[in-house]
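What you see below is based on every heavy atom in this structure, not just the backbone, and it leaves out hydrogens, waters and symmetry mates. Nothing fancy with the numbering, it's 1 onward along the sequence. Here the structure is a predicted model, which is why all the values come from computation and not from measurement.
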Amino acid sequence: MTWFKSLTLAGRELLPIIQGGMGVGVSAHRLAGAVASQNAVGTIASVDLRHHHPDLLEKTERCHDRDLIDSANLEALHREVRAALETAQGRGLVAVNVMKAVRDHPALVRQACESGAQAIVMGAGLPLDLPEMTADFPKVALVPILSEARGVAAVLKKWMKKGRLADAVVIEHPGHAGGHLGAARLDDLHDERFDFKRVLADCHKLFAELQLGKDSPRLIVAGGVGSHEQVRHWLGHGADGVQVGTAFAVTIEGDAHENFKRVLIDADPDQLAEFTSVAGLPARAVPTPWLTRYLRQEKTLQGNARCDARRCSQRMDCLTQCGLRDGISRFGQFCIDLKLAAAMRGEVSRGLFFRGASKLPFGNAMRSVRELLDYLLHGEMPATA
């Protein structure tokens, strides 16, 4: 017997821990497969996975052919999903995170489903059309990422008209999560409307109003949950699961370079930088040398914004809207794909290192996925941590 209930998704009884999707390439098949093999939810971030495949990168690194890059990334996603499923050996759940803000998101969703992904997680925008994208794959669990009950209501009501319900909803607190955040403005990040207690209560009320009963989506809280005590608290106060990102990113099995992990481990969670991404969303990252320089110049760069397709380094147009390419002055003014890929490769002076605001459980030690799950669920610390 355990103190927690299993999380039921896609007909599977799982540990109530979801590993967050982290790109570019930070959560790929090694991490997602390792998490799933422990009967939790492992998540592959779908964006620009060719960086993990030398043959695909060689074909596309110097080209300016958007279709060729898209094709390479779909092939990379296929390989990553299949490899994660092989590692999982039938245990847990392998999910794929697809950002709504990414231009090629419909193709990424379809590829993930065709390759065998068992769940699609979608944030960075309201995924109102996700049921249409997955209509041929009714057994794939659908999980939107939202931050407040108003957004949950909009998505659920739209989906219900299409005869589909969300299997789960990730409630992400923009005041604590890493990477792109679910608030309209930087000033809104810590607004009380995002408090988990309030959002969970509002969601349960919404489910009752919609008479969903046993079909109600599972509720998963994300952002700032980095300790056993927090996991135990939220699972006892209305959540069905918790999503954890940064602590998984720095595990031994994490797909990013060791330098990447060291940057996240050594960062002071109270000193992280909050800024506006090129996608127009608030973001949170470690203030590394590049980011510090960029933020000093941000207002000047925004003042010089101009619409110019040539500003897209590879003409890959990864985002539907890009502040740099489209000349949107209130958005960020840098190539996010280049910066995230550099971080994944461990290039500390050049990369953008997204990080959540919670403290890491093992201090400056790098531990395994199994040890992290044992700590989160049972409070068990490794003997030498």
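- Remark: the backbone N or O of Val286 is not paired with any side-chain donor or acceptor of Arg355 at under 3.5 angstrom.
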Kindly determine whether Val96 and Val121 satisfy side chain to side chain contact (heavy atoms under 4.5 Å, CB included), including the steps that lead there. CA-CA 6 Å; Val96 171; Val121 182; over 6 Å; no
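- Inter-residue side-chain proximity for Phe248 and Leu373 is flagged as met; some heavy-atom pair is nearer than 4.5 Å.
- Of all the heavy atoms in Ser358 and Pro269, the pair that sits closest is O-CB, 4.0 Å.
- When side chains are defined from C-beta on, Arg330 does not count as touching Thr276, because their heavy atoms never get closer than 4.5 Å.
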Give every donor-acceptor pair under 3.5 Å between a side-chain atom in residues 29-45 and any protein atom, sequence neighbours left out.
| from | atom 1 | to | atom 2 | distance (Å) |
| --- | --- | --- | --- | --- |
| His29 | ND1 | Glu80 | OE1 | 2.8 |
| Arg30 | NH1 | Gly254 | O | 3.2 |
| Arg30 | NH2 | Ile252 | O | 3.4 |
| Ser37 | OG | Ala34 | O | 2.7 |
| Asn39 | OD1 | Gly92 | N | 3.1 |
| Asn39 | ND2 | Glu13 | O | 3.1 |
| Thr43 | OG1 | Gln19 | O | 2.6 |

For Met344 and His257, what are the C-alpha separation, side-chain angles and deciding distance, and is it a side chain to side chain contact (heavy atoms under 4.5 Å, CB included)? CA-CA 6 Å; Met344 184 269 292; His257 192 280; over 6 Å; no
Would you be so kind as to tabulate the donor-acceptor pairs closer than 3.5 Å made by side chains of residues 166-175, with sequence neighbours excluded?
| from | atom 1 | to | atom 2 | distance (Å) |
| --- | --- | --- | --- | --- |
| Asp167 | OD1 | Leu142 | N | 2.8 |
| Asp167 | OD1 | Arg164 | NH2 | 3.2 |
| His173 | ND1 | Gly175 | N | 2.9 |

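- Residues satisfying the side-chain hydrogen bond (donor to acceptor under 3.5 Å, both in side chains) criterion with Glu61, sequence neighbours excluded, are absent altogether.
- Side-chain atoms of Leu235 and Val231, non-hydrogen and from C-beta on, do get closer than 4.5 Å to each other.
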The test is side chain to side chain contact (heavy atoms under 4.5 Å, CB included); show your working for Leu9 and Gln118 and say whether it passes. CA-CA 9 Å; Leu9 276 180; Gln118 295 151 320; over 6 Å; no
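- Under a 3.5 Å cut-off, the side chain of Ser277 and the backbone N or O of Ala283 do not form any donor-acceptor pair.
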Mind running side chain to side chain contact (heavy atoms under 4.5 Å, CB included) on Phe196 and Val199 for me, showing each step along the way? CA-CA 5 Å; Phe196 286 151; Val199 179; 5.7 Å; no
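- Put simply, the side chain of Trp3 never gets that close to the backbone of Arg232: no donor and acceptor are under 3.5 Å apart.
- Within the 4.5 Å cutoff, the side chain of Leu156 has heavy atoms near those of the Pro217 side chain.
- Salt-bridge annotation for Asp188 and Arg185: present, with a side-chain N of the basic residue lying under 4.0 Å from a carboxylate O of the acidic one.
- His52 places a side-chain N or O within 3.5 Å of a backbone atom of Gly25 that can act as its donor or acceptor partner.
- In this structure, Asp195 contributes its side chain and Lys197 its backbone to no donor-acceptor pair below 3.5 Å.
- Proximity of Leu15 to Leu7: side-chain heavy atoms (C-beta onward) are nowhere separated by under 4.5 Å.
- Using cut-offs of 30° and 60° on the angle between ring planes, the pair His237 and His233 is parallel.
- Surrounding CD of Gln297 are more than 12 heavy atoms belonging to other residues, nucleotides or ligands, all under 6.0 Å away.
- Listed by chain and residue number, Glu148, Asp191 satisfy the side-chain hydrogen bond (donor to acceptor under 3.5 Å, both in side chains) test with Arg193 (two or more places apart in sequence, or in another chain).
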Between Arg50 and Thr60, is the side-chain hydrogen bond (donor to acceptor under 3.5 Å, both in side chains) condition met? List the steps. CA-CA 9 Å; Arg50 66 197 166 112; Thr60 58; 2.8 Å; yes
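- Counting only residues at least two apart or in different chains, side-chain hydrogen bond (donor to acceptor under 3.5 Å, both in side chains) contacts with residues 240-256 are absent.
- At distances below 3.5 Å, not a single donor-acceptor pair connects side-chain atoms of Ser27 with backbone N or O atoms of Gly23.
- Not a single donor-acceptor pair under 3.5 Å links the side chain of Glu75 to the backbone N or O of Ser71.
- For residues 281-290, the pairs satisfying side-chain hydrogen bond (donor to acceptor under 3.5 Å, both in side chains) are Glu274-Arg284, with sequence neighbours left out.
- Under a 3.5 Å cut-off, the side chain of Arg262 and the backbone N or O of Asn364 do form a donor-acceptor pair.
- Counting only residues at least two apart or in different chains, salt bridge (charged side-chain N to carboxylate O under 4.0 Å, His left out) contacts with residues 94-113 comprise Asp70-Arg103, Lys100-Asp129, Arg110-Glu114, Arg110-Asp136.
- Closest heavy-atom contact between Val81 and Ser115: CG1-O, 3.5 Å.
- Using modelled atom types, one side-chain atom of His105 and one backbone atom of Val102 make a donor-acceptor pair closer than 3.5 Å.
- The local environment of CD in Glu58 is sparse, with at most 12 non-hydrogen atoms from other residues, nucleotides or ligands closer than 6.0 Å.
- For Lys59, the side-chain hydrogen bond (donor to acceptor under 3.5 Å, both in side chains) criterion is met by no residue, not counting sequence neighbours.
- Here Asp308 pairs with Arg310 in a salt bridge; the nearest charged N to carboxylate O distance falls below 4.0 Å.
- Between Glu192 and Arg198 the shortest side-chain heavy-atom distance falls below 4.5 Å.
- Met99 and Ala124 make their closest contact through CE-CB, 3.7 Å (heavy atoms, listed as atom of the first residue, atom of the second, distance).
- Atom CD of Gln211 has 12 or fewer neighbouring heavy atoms from other residues, nucleotides or ligands inside a 6.0 Å radius.
- Looking at heavy atoms from C-beta onward, Ile69 lies in side-chain contact with Asn73 at the 4.5 angstrom threshold.
- Considering every non-hydrogen atom in both Lys157 and Leu206, the closest pair reads CE-CD1, 4.5 Å.
- For Arg350, the salt bridge (Lys or Arg N to Asp or Glu O under 4.0 Å) partners are Glu347, not counting sequence neighbours.
- In the displayed structure, Lys162 atom NZ is contacted under 6.0 Å by more than 12 heavy atoms of other residues, nucleotides or ligands.
- Using cut-offs of 30° and 60° on the angle between ring planes, the pair Phe334 and Tyr294 is perpendicular.
- Taking each heavy atom of Val278 and Gln333 in turn, the nearest pair found is CG1-N, 4.0 Å.
- Closest non-hydrogen pair, Ala149 versus Asp202, comes out as CB-CB, 3.4 Å.
- Taking 4.5 Å as the limit, every side-chain heavy atom of Glu380 sits out of range of all side-chain heavy atoms of Pro382.
- Under a 4.5 Å side-chain heavy-atom cut-off, the cluster of Ile, Leu, Val, Met, Phe, Trp and Tyr residues that includes Ile328 is completed by Phe331.
- With a 4.5 Å cut-off between side-chain heavy atoms of Ile, Leu, Val, Met, Phe, Trp and Tyr, the cluster of Leu181 takes in Leu186, Leu189.
- Tested against Met122, the residues Ile145, Val109, Thr134 include a single side chain to side chain contact (heavy atoms under 4.5 Å, CB included) partner, Val109.
- A donor-acceptor contact shorter than 3.5 Å links the side chain of Gln89 to the backbone of Glu86.
- In this view, Ser147 satisfies the side-chain hydrogen bond (donor to acceptor under 3.5 Å, both in side chains) rule with no residue, not counting sequence neighbours.
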